[in-house]
Amino acid sequence: MVVDMIVFGMAYVLLVYLVMTMIRPPHLPNRDKNDDGDGGIDIPDTPKIDLPPGVIWPSDGPKAKDPAPPMEV
């Protein structure tokens, strides 16, 4: 029984080692560090929602202008 426990323990350690080395990402020296790894087409973070006519997003609205200098009368 002791021999079986030792053999199963060694098999468990070997299995855990192999699984951990297989799931580790490969080390590629020329890999782009900004790549998120999903591949395919870049999708923007926020979806483009179709708004009804006359409704705009606040970020797309008119930009605030500096006030004009006061006129002397």
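All residue numbers in this chain count up from 1 along the given sequence.
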Can you hop from [X] to [Y] via hydrophobic side chains spaced under 4.5 Å?
| X | Y | answer |
| --- | --- | --- |
| Trp57 | Val55 | yes |
| Val7 | Leu15 | no |
| Val16 | Ile23 | yes |

